[in-house]
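Okay, so here's the structure we're looking at.
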Amino acid sequence: MPPTTRARTLRIQVRRHQRDAGRDAMSDKIYEVSRDWAERAYVDAAQYRAMYEASAADPEAFWAEHGKRIDWFTPYTKVKNTTFGPGDVSIKWFEDGTTNVAYNCVDRHLETRGDQVAIIWEGDDPSESKRITYRELHAHVSRWANVLRNRNVQKGDRVTIYLPMIPEAAYAMLACARLGAIHSIVFGGFSPDALAGRIEDCGSRFVITADEGLRGGRKVPLKANVDAALKRLAADAVDHVVVVERTGGKVEMDPGRDVYYHAAAEMVTDECPCEEMNAEDPLFILYTSGSTGKPKGVLHTTGGYLVYAAMTHQYVFDYKDGEVYWCTADVGWVTGHSYIVYGPLANGATTLMFEGVPTYPSISRFWDVVDKHDVNIFYTAPTAIRSLMGAGEEPVTKTSRKSLRLLGSVGEPINPEAWEWYHRVVGEGRCPIVDTWWQTETGGILITPLPGAIAQKPGSATLPFFGVKPEIVDAEGKVLEGACEGNLCIADSWPGQMRTVYGDHERFVQTYFSTYPGKYFTGDGCRRDADGYYWITGRVDDVINVSGHRMGTAEVESALVAHPKVSEAAVVGYPHDIKGQGIYAYVTLMSGIEPSDELRAELVKHVRQEIGPIATPDKIQFAPGLPKTRSGKIMRRILRKIAEDEFGALGDTSTLADPAVVDDLIEHRQNKR
Ligand code: WTA
């Protein structure tokens, strides 16, 4: 096996996020909470402090109370039963309660808000939109559940969802929850290979997809991708494929396996009872990239997850009845799970779902949609802000945006420059920005301003949410006090935390609880300032963040070395103005193979096929050799510096087996790019 595909040990370093190099990563500006906000919000500064202290002092009592925000079929009597080890790691919340997530997101609202809009759907084409009430949502979800039940989907079964951003994605998720099936959503931008791996890993015998997706006017061949994925698996691996007709494009249908949703739906009613689920029964699996190996199936369960998603949605966005809330994420990522579907719907909110992209048909699209649907709360990623900034202010200022009152950011550190632009141009200085730090693993937001309570500093995620205990530790695991910089851990459990890696509990323990025994290690570096504010500096492991999408460098390396002409590859992130980080690949070719631009293009295409367009390498540098220690470990630190053009700051190179390799790499970087 090539060395780069071997499991790598986590290299923990305390270092600044690469992207921050040379940028104004720190900002000493403070935006105080306005009096209006302090008055209208659920909590002001004093209430935040009191509630936070109560949550930290007695988590049992705090969550016993807040767990009641969802409806339980059997109320819980136990609240928190969690241990981070050392040794065993086990996380249970509300463990003897029973409930159903679809019941909480749909049925319980029927009496009071049946005619209220639950989902506003805005199509890729601006002439297409839909408004779906809670009553209609109930009918759709129930019918979907019956279609699945007719195909023998049962409690505990895994269902893979590979859909574009259409309301059916939410229906399918909630239909699974209704039946107690576990959904595993695969982002529509992933390749057939990546999809096949995810279907196989969780042994899902059901796939839900669409004929084609539509993004920025272009069609995405989803059903064809599913067909290609299933060809890579055993012939009988998947029993049923349910296909939503989105574009009407022609697709192949296997009569024994595939069915159009609209045909199947005619055979069933729109009445379907909710399965009674234990609080700790699984709700979904979501694959995410880590430092090593294949993506992990992050497992979230029912009760604690929903309580946490709903509570954070309410307080962080200060969501009030009747408001229109829009999160621009895709349901293929955790942000879409918690803050398009589960959190908002559990709160009876009106949530907007957008099929398209920020630049189609024009660069004003986001703001046109805000005006069209009178959006009050807008939540997006820094990469989108940075790409729109490039086009200047006019595409924003020509729209009204008067409905906006709160802005949010998620997915990667937001540089103060982008923060200020978002605040001044998009929000006209009147909308607070909640910079929300969290992860697929955390289920919901852990560090964030609350808009009526916490003054904002551009670039800082500010302070922990209720019940969250951040700790900054040094490389040896010593907990640092006061103003400091180190690695971010969380000392105790919160209800939204992942419970395990699907099918591999040992990997869960190893990945998150072994680096600093007894603590959850986030993989992020972090600084705490004198006011106790947290500043996330980026990943300290071999994960990179490209346009807010998490990518394991090891995954991209595996894809590269799978190419017959490649002998070895090392991938690092480098600062990218719009994407935050770009993908920089150093590639050593098999002997006798000559580097060329054609080969470079071939390798880029190959990675796109293996993983998907989001993993497209931005730069490939052919390298006759890679810098290794005498024990054969690639010195990634040096590769990062070279990719960043910081040739003078390579640090200690004395452990290199062959120092000449580095000079060679620098020379190539300078001459050939
Ligand atoms: C990064 C997305 C700085 C971080 C919800 C984390 C952030 C990873 C922020 C998780 C933020 C997310 N400021 N960094 N506000 N939000 N990150 O699992 O490195 O796709 O570990 O979850 O994104 O990415 P994931």
Side-chain angles (χ1 to χ4, degrees), residues 10 15-20 25 27 185 187 189-190 285-291 295-298 300 308-309 312-313 316 327-340 342-343 379-386 407-416 418-419 422 433-449 456-465 468 470 487-490 496-498 501 511-512 520-527 533-553 573 579-581 614:
L10 191 64
R15 70 160 194 266
R16 293 183 77 81
H17 190 251
Q18 295 98 313
R19 214 206 57 218
D20 290 341
S27 163
I185 306 190
F187 173 59
F190 278 120
I285 297 166
L286 184 56
Y287 286 88
T288 195
S289 299
S291 308
K296 296 181 282 285
V298 168
H300 283 287
Y308 198 77
T312 46
H313 174 260
V316 175
C327 164
T328 69
D330 189 286
V331 291
W333 310 113
V334 74
T335 310
H337 286 61
S338 300
Y339 297 114
I340 295 178
Y342 290 121
Y379 188 30
T380 197
T383 185
I385 301 299
R386 287 193 298 266
L407 304 172
S409 171
V410 60
E412 50 172 322
I414 181 165
N415 48 307
W419 195 104
Y422 196 22
I433 297 178
V434 290
D435 174 1
T436 63
W437 175 84
W438 60 296
Q439 309 177 297
T440 305
E441 294 87 339
T442 70
I445 296 164
L446 295 197
I447 302 182
T448 178
Q456 302 133 60
K457 299 187 190 183
S460 171
T462 75
L463 298 175
F465 192 73
V468 174
N487 291 329
L488 180 63
C489 294
I490 312 290
Q497 186 173 21
M498 76 183 281
V501 170
T511 308
Y512 303 104
Y520 169 77
F521 175 44
T522 64
D524 277 321
C526 185
R527 204 173 61 76
Y533 274 41
Y534 292 86
W535 302 72
I536 307 297
T537 52
R539 303 287 304 197
V540 292
D541 53 13
D542 290 320
V543 171
I544 52 182
N545 196 324
V546 183
S547 301
H549 299 152
R550 244 168 98 162
M551 191 85 48
T553 50
K579 298 179 181 181
Q581 282 186 293
I614 56 170

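Each ligand, and each atom within it, is numbered from 1 in the order the structure gives.
Applying the 4.0 Å criterion to heavy atoms of Asn545 picks out, from ligand 1, the atoms 1 (C), 23 (O). Those atoms of ligand 1 with a heavy atom of Pro413 less than 4.0 angstrom away are 3 (C), 13 (N), 14 (N). Each of the atoms 9 (C), 11 (C), 15 (N), 16 (N) of ligand 1 lies under 4.0 Å from some heavy atom of Thr436. Below 4.0 Å from some heavy atom of Asp435 lie the following atoms of ligand 1, by number and element: 11 (C), 13 (N), 15 (N). Every atom of ligand 1 with a heavy atom of Thr335 under 4.0 Å away is listed here by number and element: 5 (C). Atoms of ligand 1 found under 4.0 Å from any heavy atom of Thr440 (numbered from 1 in listed order, with element): 18 (O), 20 (O), 22 (O), 25 (P).
In terms of protein heavy-atom proximity, atom 24 (O) of ligand 1 is closest to Arg550 CD, 3.2 Å. What sits closest to atom 2 (C) of ligand 1 on the protein, heavy atoms only, is Trp438 O, 4.0 Å.
In this structure a side-chain-to-backbone donor-acceptor pair under 3.5 Å is present from Ser460 to Tyr534. Here the side chain of Ser338 pairs a donor or acceptor atom with the backbone of Gly443 at under 3.5 angstrom. Between the side chain of His300 and the backbone N or O of Ile285 there is no donor-acceptor pair closer than 3.5 Å. A donor-acceptor pair is defined here as one N or O able to donate and one able to accept, closer than 3.5 Å; no such pair exists between the side chain of Thr328 and the backbone of Thr380.
Looking at heavy atoms from C-beta onward, Tyr379 lies in side-chain contact with Tyr339 at the 4.5 angstrom threshold.
A tilted orientation is assigned to the rings of Phe187 and His549, their planes being inclined by 30° to 60°.
Looking at Ile544, Asp524, Ile445 and measuring to atom 21 (O) of ligand 1, the nearest heavy atom belongs to Asp524. For atom 11 (C) of ligand 1, the choice among Gln439, Glu412, His337, Met551 with the nearest heavy atom turns out to be Glu412.
A side-chain N or O of Glu441 and one of Tyr512 form a donor-acceptor pair less than 3.5 Å apart.
When non-hydrogen atoms are compared, ligand 1 lies under 4.0 Å from neither the backbone nor the side chain of Ile414. If you look at Ile536 next to ligand 1, the close heavy atoms, those under 4.0 Å, all belong to the side chain.
Ligand 1 lies less than 4.0 angstrom from a heavy atom belonging to Gly411.
The distance criterion of under 3.5 Å between nitrogen or oxygen atoms is met by Arg539 with respect to ligand 1.
Heavy atoms only, all atoms of each residue included: Tyr287 and Pro295 are closest at CD2-O, 3.8 Å.
Checked against a 6.0 Å centroid threshold, the rings of Trp438 and Tyr308 do not count as neighbours.
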